[in-house]
Amino acid sequence: MQPKAHSEDTSANWCFDPDILPDAILVCQLDGRIILKNRAARDMLGDVMNGTDMIRSVFSSWHRQLVEREQADNVVDAIMASPDMKFSETLGFSNGKTYERQTRPIKNQALRLWLLRDVTVLRQADSDSAMHQSMVEADAARTAEMAEQLYMAKAELEEKQAELTRLANTDSLTGLYNRRRFMQLGNDAATDNRTGENAVWVLMLDIDYFKRVNDTYGHGAGDTAIRDFAIIIGNCIGDDGFVGRMGGEEFASVLPDATVDDAVRVAERIRRRTADNLSRCGKQTCRFTTSIGIACTQDGEDSIEPALARADKALYSAKSFGRNRVVVMESQHI
C-alpha cells in the first residue's frame, strides 16, 4: 500500500494498486457492468472476459467449466437482484480446480465487490484432520446460509414479479384493470362463452358533465370523483363480472354468462348509487350522475370489441336522451 503525501494532515489517506493482490478482484455496478478488474482476475478468467463487460456474461462463460453449473447461475441471478446481499460459495471445476467466490455490496456506493480465490490446495489438504473438519463445518454453514439466502431471494423476486404484474395490469388512479388488461379478459370471456346459454353483457359507463366537475371544483375533485365512481362500479359488479377504466372518466364492465335482466339490474344499481353519492375533496363536496350503455356479444364473436362498440353507441343514446339513465342496445348490429 502506498500513502498519499500530505504536508499537514497527520491522518494520511491510503490507496493501493489492486494489481498487486494475489486474489482476483472484480467491481461492478448494480446493473452488472464491470468497472474494475485486477491482473489476477484477468489471468484467472482469461478468454471469458473478452468481448463483454457484464458480470453475468463473464460468470456465465466461466460456469461452463463447472461440474454443476445450474446452481451457480441461479446464485448470480439472485445476488444481482438483491443489492444488499452478501454471499460466499465454493465452486468445483471439471479440471479439478476449486475456487471460492465471495461478494458483498460496497458500503454507501452503488457498487458490488467480487473476490475469487483459488483454494484447490486447501481443499486437497485432507490429511490434516483438524483443517478438514474445519472446512467441512464451514462448507455446511455456507450451504445452510446459501439455502436460506436463495430462499429469501426467490421469495423477494416472486414478490417483485407479482408487483410488476399488478402494475402492468392496473390503472394507477382507481386500482381497476387498465384498458389493455380489461380487453384481454373481455376477449377471453367472449371466447369462453361462445357455446354458453347466455350472452356476455357489456356495460359502458361514464360520468355526466365531467368537464363541469373539473372546471367548477378543480382537477383534484375530478380525480376524487373518478375514484369514488370506480368504487361504486366495483361494489355493484362484485363477483358477477369485472371492471376496467378505459380512459378519463370512462369505464367498462363485462358480465359473463348473464341475461339482459341481470345487466339492467346491475346498471340501475350503479346509476342510483352514483346519483346518491357525495364526493368530498378537502372542504369541497360535489355530486354527479352517470349514463350507461348496455349491449351483448353475438354468435360467432370471439372478441369483446363489437359488443363494446354497441354498448358505446347505447351510451351515446343515453346522453342524447338527457343523461342519468340506462339504455340497452336492442339492435345488436351497427
Side-chain angles (χ1 to χ4, degrees), residues 16 18-19 21-49 52-125 131-164:
F16 68 92
D19 283 341
L21 296 177
D23 297 324
I25 299 291
L26 298 168
V27 176
C28 70
Q29 298 171 338
L30 295 186
D31 65 358
R33 188 172 302 279
I34 299 171
I35 62 171
L36 183 147
K37 46 185 180 274
N38 69 349
R39 179 181 293 112
R42 296 191 294 270
D43 293 341
M44 179 185 294
L45 297 174
D47 293 339
V48 303
M49 299 197 70
T52 181
D53 60 351
M54 300 303 293
I55 199 74
R56 276 192 177 92
S57 298
V58 169
F59 284 141
S60 178
S61 298
W62 197 42
H63 291 168
R64 293 173 187 167
Q65 307 169 44
L66 286 174
V67 176
E68 296 181 3
R69 173 181 180 176
E70 183 176 357
Q71 179 171 291
D73 287 337
N74 291 338
V75 165
V76 173
D77 288 340
I79 290 170
M80 295 306 298
S82 304
D84 296 328
M85 179 182 286
K86 297 180 181 179
F87 199 76
S88 176
E89 63 181 337
T90 301
L91 303 174
F93 286 73
S94 56
N95 62 1
K97 288 278 191 178
T98 303
Y99 291 88
E100 184 180 75
R101 176 166 60 191
Q102 299 180 20
T103 182
R104 60 176 56 87
I106 298 178
K107 188 175 181 180
N108 299 326
Q109 300 185 55
L111 299 173
R112 174 168 289 278
L113 172 70
W114 299 84
L115 173 65
L116 308 177
R117 178 180 294 124
D118 187 343
V119 294
T120 305
V121 175
L122 293 176
R123 302 292 291 185
Q124 293 174 347
M131 179 180 291
H132 176 68
Q133 182 62 28
S134 176
M135 293 177 67
V136 168
E137 292 175 355
D139 281 347
R142 280 196 293 266
T143 299
E145 181 182 7
M146 181 184 70
E148 180 180 1
Q149 290 176 345
L150 287 177
Y151 176 82
M152 298 299 294
K154 181 181 179 183
E156 182 179 353
L157 287 174
E158 289 176 348
E159 182 179 347
K160 289 179 180 178
Q161 183 61 44
E163 177 64 11
L164 289 175

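It should be emphasised that the depicted structure is a prediction, and the values quoted were computed from it without experimental measurement. Basis for what follows: all heavy atoms, side chains included, without hydrogens, waters or symmetry-related copies.
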- line: CZ (Arg69) and CZ (Arg64) are apart, to the nearest 0.5 Å, by 6.0 Å
- prompt: Are the side chain of Arg56 and the backbone of Asp73 linked by a donor-acceptor contact shorter than 3.5 Å?
  reply: no
- prompt: Are Val27 and Trp114 side-chain neighbours, meaning at least one heavy-atom pair lies under 4.5 Å?
  reply: no
- prompt: Looking only at side chains, do Ser88 and Arg104 share a donor and an acceptor under 3.5 Å apart?
  reply: no
Non-hydrogen atoms of Ile25 and Leu21 that approach each other most closely: CG1-CD1, 4.0 Å
- prompt: Do other residues, nucleotides or ligands put more than 12 heavy atoms under 6.0 Å from Arg39 CZ?
  reply: no
task: List the steps, then state whether side chain to side chain contact (heavy atoms under 4.5 Å, CB included) holds for Leu36 with Leu26.
output: CA-CA 6 Å; Leu36 183 147; Leu26 298 168; over 6 Å; no
query: Hey, what do you get for OH (Tyr99) to CG (Asp118), rounding to the nearest 0.5 Å?
result: 4.5 Å
field: Non-hydrogen side-chain atoms of Leu111 and Leu30 separated by less than 4.5 Å
entry: no
message: Could you tell me if the side chain of Glu100 sits less than 4.5 Å from the side chain of Arg142, heavy atoms only?
response: yes
statement: When every non-hydrogen atom of Pro22 is compared with those of Ala40, the smallest separation belongs to O-CB, 3.7 Å
Asp31 versus Met80, closest heavy-atom pair with distance: C-CE, 4.3 Å
statement: The reported gap from OG in Ser57 to CD1 in Ile34 (rounded to nearest 0.5 angstrom) is 8.5 Å
Value rounded to 0.5 Å, distance of CG in Asp23 from CG in Leu116: 8.5 Å
query: If you measure from the Lys or Arg side-chain nitrogens to the Asp or Glu carboxylate oxygens, is any gap between Glu145 and Lys86 under 4.0 Å?
result: no
- request: Step by step, work out the side chain to side chain contact (heavy atoms under 4.5 Å, CB included) result for Val58 and Leu45.
  value: CA-CA 8 Å; Val58 169; Leu45 297 174; 3.7 Å; yes
task: Establish, for the pair Arg101 and Phe59, whether the NZ or CZ atom is under 6.0 angstrom from the six-membered ring centre and no further than 45 degrees off its axis.
output: yes
query: Do the non-hydrogen side-chain atoms of Gln149 and Met85 ever get within less than 4.5 Å of each other?
result: yes
- request: Look at Asp43 together with Lys37 and state whether they make a salt bridge at an N to O cut-off of under 4.0 Å.
  value: no
- request: Ignoring hydrogens and angles, tell me if any N or O in the side chain of Ser82 forms a donor-acceptor pair with the backbone of Asp84 under 3.5 Å.
  value: no
- prompt: Hey, does the side chain of Thr103 reach the backbone of Leu113 with a donor-acceptor pair shorter than 3.5 angstrom?
  reply: yes
task: For the pair Arg112 (side chain) and Pro83 (backbone), establish whether a donor and an acceptor sit closer than 3.5 Å, ignoring hydrogens and angles.
output: yes
- request: Please say whether more than 12 non-hydrogen atoms of neighbouring residues, nucleotides or ligands are located less than 6.0 Å from CD in Gln65.
  value: yes
- request: List the steps, then state whether side chain to side chain contact (heavy atoms under 4.5 Å, CB included) holds for Gln102 with Arg117.
  value: CA-CA 9 Å; Gln102 299 180 20; Arg117 178 180 294 124; 3.8 Å; yes
- prompt: Is there a donor-acceptor pair under 3.5 Å between the side chain of Asn38 and the backbone N or O of Pro18?
  reply: yes
Value rounded to 0.5 Å, distance of CG in Leu66 from CD in Glu68: 9.0 Å
